[in-house]
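What follows is a short report on a single structure.
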Amino acid sequence: MQNKIYDTLIIGAGIVGCSVARYLSKYKGGIAVLERKEDVCCGTSKANSGIVHAGFDAKHGTLMALYNVRGSRMYPKLSEELDFKYENNGSIVLCLSEEDRPKLVSLYENGVRNGVFGLRIVERDELLTLEPHISDEAVCALYAPAGGIVCPFDATFAMAENAAHNGAEFFFDTKVTDIVREDELWKVVTTRGSYLTRTVVNAAGCYSDVFHNMVSSSKIKITPRRGEYFLLDRTAGGYVSHTIFRLPGKMGKGVLVTPTVHGNILVGPTAEDIDDKDDVSTTADGLDKIRLQSALSIKDLPLNKTITSFSGLRSHEAGHEFIIGEPEDAEGFFDCAGIESPGLSAAPAIGEDIATMIADKLNLEEKEDFDPYRTGILDPLTLDEDRLNELIKVRPDYGKIICRCESVTEGQIRDAIRRIPGARSIDGVKRRVRAGMGRCQGGFCSPSVMEIIADELNCDISDVTKKGQGSEIILGENKVL
Ligand SMILES: Cc1cc2nc3c(=O)[nH]c(=O)nc-3n(C[C@H](O)[C@H](O)[C@H](O)COP(=O)(O)OP(=O)(O)OC[C@H]3O[C@@H](n4cnc5c(N)ncnc54)[C@H](O)[C@@H]3O)c2cc1C
């Protein structure tokens, strides 16, 4: 048992847990984030469309709509404070037949009621000027200039680093196994000992029902709803410039085609309810569906430029609503459960509100020295030649390219590991600085990345993993096995 009594323990270091940590770190008090994986952003927050939804889709009057619109309006300022990329590229919802026009009009009306700025219906001629490769079937579309895109890894790391800078602690490889009420406190039992705390935040993604149901008699059920994707090479970048949806259906927003902030094109996701809360495999069926459905929106999409496929799991709650705040019968336990899409868009607003609820409950005072700023890892490609040469004089490792596809230098990789919280695995490096994110998917750079991790963490190279325990890469010497 840890001696310290925390004010708040947050279960889960996804975008929601890290956002709560960031906003709560404005207040005096002891905060820690407990994460079962080796790093920040290892759950759903690492595998989504990266869209900051404008907020026209979520049903008016729901928490989803409220937090979506508020969260999306927070992103531009947040991206400046925390130095991550946000692009206001706008989104388009295609209507492929005149019979569907009333559905598009209802979507428009729902968006207006939700308070989304600038929404309008555009007819085919204008649509073609916005997106030349649009399908011949498209008759009109809903245009939402407020839609945006972010890199979900960058946004999550930025929140986590800023929270840590302002005093939040992070414990990785720490799986929460039980939560027990002890007098006025909660005892949070983990695979690395127990912690006492005044309040708990349940930001455990697909596992948020498990923790809610441990402490409350009003049970909830989260079903993992898998979404599969194709990621296209940067040479396909520019094929579309807006995020292009089709009219949403019963299972969600459907297959979209969108640019990413790094210049790739992302195509997906599917929507399939599964049982396993950790099954992020891709399937031939799922990928076939993406091929067929994306062709209905965009002509001649260069899917032959696919560099990888992946999937993520939405935390689908039976009532399709966010569950936020204290259950009536579990004082001091704060849910952020059922945070499926638009959870990435909503996360800053959820984080801000949960922090306020906890500060009010515990009478926490605001810190005078809270620092809202964080500087991202320097990308030498953004420097002109003179400044780059100056940098290389003081940091020669910024002159050595390790990842050729994405032009990532040794200096960036070392800095990714030195961050707090820093990269501990090959995937942790990949998500922070994109080494291994390009066309060869780490085929060339992984051995060098492993050497740098081993050097920085002062460990043996055989201890370096792809993504934490159980993903070791070096199992023995050649010929010995
Ligand atoms: C296919 C798909 C597309 C999406 N697209 C978008 C989009 O474009 N825009 C948008 O706004 N939203 C989108 N979303 C939704 C968005 O990604 C999620 O709402 C958001 O990432 C949820 O964040 P989270 O922090 O709640 O969950 P997670 O990121 O899953 O974080 C939960 C964390 O809890 C940890 N955890 C679980 N159990 C334990 C335990 N026992 N002990 C300790 N830690 C534990 C997990 O390891 C994980 O790191 C999409 C989701 C999917 C799946």
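The residues of the chain are indexed from 1 along the displayed sequence. When a ligand or atom number is given, it counts from 1 through the structure's own listing order. Because only heavy atoms are used, hydrogens play no part in the values below, and waters and symmetry mates are left out as well, while side chains stay in.
Close approach to Gly12 involves these atoms of ligand 1, each under 4.0 Å from a residue heavy atom: 33 (C), 34 (O), 35 (C). Which parts of ligand 1 touch Pro342 is read off a 4.0 Å heavy-atom cut-off, strictly below it: atoms 10 (C), 11 (O), 12 (N). Taking a cut-off of under 4.0 Å to the non-hydrogen atoms of Leu313, the atoms of ligand 1 that pass are 53 (C). Per-residue contacts place Gly50 under 4.0 angstrom from the following atoms of ligand 1 (heavy atoms of the residue considered): 8 (O). Residue Glu340 approaches ligand 1 through these ligand atoms, each under 4.0 Å from one of its heavy atoms: 15 (C), 19 (O). Short contacts between ligand 1 and Gly312, defined as distances under 4.0 Å to a heavy atom of the residue, involve ligand atoms 53 (C). In the vicinity of Gly43, heavy-atom distances shorter than 4.0 Å reach the ligand 1 atoms 29 (O), 30 (O), 49 (O). Ligand 1 places these atoms under 4.0 Å from at least one heavy atom of Ile15: 20 (C), 21 (O), 23 (O), 25 (O).
Ring geometry for His316 against His320 counts as tilted: the plane angle lies between 30° and 60°, on a 0 to 90° scale. Taking the six-membered ring where tryptophan is involved, the planes of Phe171 and Tyr6 are perpendicular, since the angle between them exceeds 60° and thus also 30°. In this structure, His212 and Phe333 have perpendicular ring planes: the angle between them is above 60°, well past the 30° mark.
Residue Ala346 has no N or O atom closer than 3.5 Å to an N or O atom of ligand 1. The shortest N or O to N or O distance between Val176 and ligand 1 is under 3.5 Å. Considering backbone and side-chain atoms together, Leu344 places an N or O closer than 3.5 Å to an N or O of ligand 1. For ligand 1, one of its N or O atoms has an N or O atom of Asn48 under 3.5 Å away. Geometrically, ligand 1 and Arg314 share no nitrogen or oxygen pair separated by less than 3.5 Å. Here's the thing with Ile339: one of its N/O atoms is less than 3.5 angstrom from an N/O atom of ligand 1. On a distance-only criterion, Arg225 and ligand 1 share no N/O pair closer than 3.5 Å. The distance criterion of under 3.5 Å between nitrogen or oxygen atoms is not met by Tyr207 with respect to ligand 1. Distances between N or O atoms of His53 and those of ligand 1 include at least one value under 3.5 Å.
In this structure, of Ser19, Cys206, Gly351, Gly14, the residue bringing a heavy atom nearest to atom 31 (O) of ligand 1 is Gly14. Comparing Ala204, Gly338, Ser49 by heavy-atom distance to atom 37 (C) of ligand 1, the nearest is Ala204. Comparing Ala271, Ser341, Pro152 against atom 15 (C) of ligand 1, the shortest heavy-atom distance belongs to Ser341.
The closest protein non-hydrogen atom to atom 43 (C) of ligand 1 is Arg36 N, 3.2 Å. Of the protein's heavy atoms, Ile51 O, 2.8 Å lies nearest to atom 9 (N) of ligand 1. Ranking protein heavy atoms by distance to atom 30 (O) of ligand 1, first place goes to Thr44 N, 2.9 Å. In terms of protein heavy-atom proximity, atom 23 (O) of ligand 1 is nearest to Ser45 OG, 3.2 Å. Among protein heavy atoms, atom 47 (O) of ligand 1 sits closest to Glu35 OE2, 2.7 Å. Closest protein heavy atom to atom 24 (P) of ligand 1: Val16 CG2, 3.8 Å. Annotation: atom 27 (O) of ligand 1 to nearest protein heavy atom, Gly205 CA, 3.7 Å. With hydrogens left out, the protein atom closest to atom 2 (C) of ligand 1 is Tyr229 OH, 3.5 Å, a heavy atom.
Between the side chains of Tyr67 and Asp353, at least one donor N or O sits under 3.5 Å from an acceptor N or O. In the model, Thr190 has no side-chain atom that pairs as donor or acceptor with a side-chain atom of Arg36 under 3.5 Å. Tyr229 and Ser49 are linked by a side-chain donor-acceptor pair at a separation below 3.5 angstrom, with hydrogens and angles left out of the test. A side-chain donor-acceptor contact under 3.5 Å links Glu228 and Thr283. Judged by distance alone, the side chains of Ser425 and Asp427 never bring a donor and an acceptor atom under 3.5 Å apart. Side-chain atoms of Asp329 and Ser217 include a donor-acceptor pair closer than 3.5 Å. Looking only at atom types and distance, the side chain of Tyr207 has a donor-acceptor partner in the side chain of Asp278 under 3.5 Å away.
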- Just do the ring-ring contact (aromatic ring centres under 6.0 Å, His included) check on Phe245 and His53 with the steps written out, would you? CA-CA 11 Å; Phe245 301 94; His53 292 290; 5.7 Å; yes

Exercise for the section: Check step by step if side-chain contact (heavy atoms from CB on, under 4.5 Å) holds for His262 and Lys85. Expected result: CA-CA 9 Å; His262 298 293; Lys85 278 187 189 165; 4.2 Å; yes

### Query
Which is it for Ile51 and Leu344 under the side-chain contact (heavy atoms from CB on, under 4.5 Å) test, yes or no, and what are the steps along the way?
CA-CA 8 Å; Ile51 316 294; Leu344 174 67; over 6 Å; no

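In this structure, Arg181 is positioned above the aromatic face of Trp186, its NZ or CZ under 6.0 Å from the six-membered ring centre and within 45° of the axis. Figure legend: Arg374 and Phe157 shown without cation-pi pairing, the cationic atom not lying both under 6.0 angstrom from the six-membered ring centre and within 45 degrees of its axis.
Within the 4.0 Å heavy-atom criterion, both parts of Ser345, backbone and side chain, lie near ligand 1. By the criterion of a heavy-atom distance under 4.0 Å, the backbone of Leu34, and not its side chain, is placed next to ligand 1. Under 4.0 Å from ligand 1, heavy atoms of Lys175 appear from its side chain as well as its backbone. Only the backbone of Ala203 comes within contact range of ligand 1, with a heavy atom under 4.0 Å; no side-chain atom does. By the criterion of a heavy-atom distance under 4.0 Å, neither the backbone nor the side chain of Thr190 is placed next to ligand 1.
Within a 6.0 Å sphere centred on CG of Asp275, heavy atoms belonging to other residues, nucleotides or ligands number 12 at most. Within a 6.0 Å sphere centred on CG of Asp360, other residues, nucleotides and ligands contribute more than 12 heavy atoms.
For the pair Thr174 and ligand 1, a heavy-atom separation below 4.0 Å is found.
Separating the CG atom in Asn304 from the CZ atom in Phe230 is a distance of 11.0 Å, to the nearest 0.5 Å.
Scanning both residues, Ser135 and Leu96, for their nearest heavy atoms gives OG-CD2, 4.1 Å.
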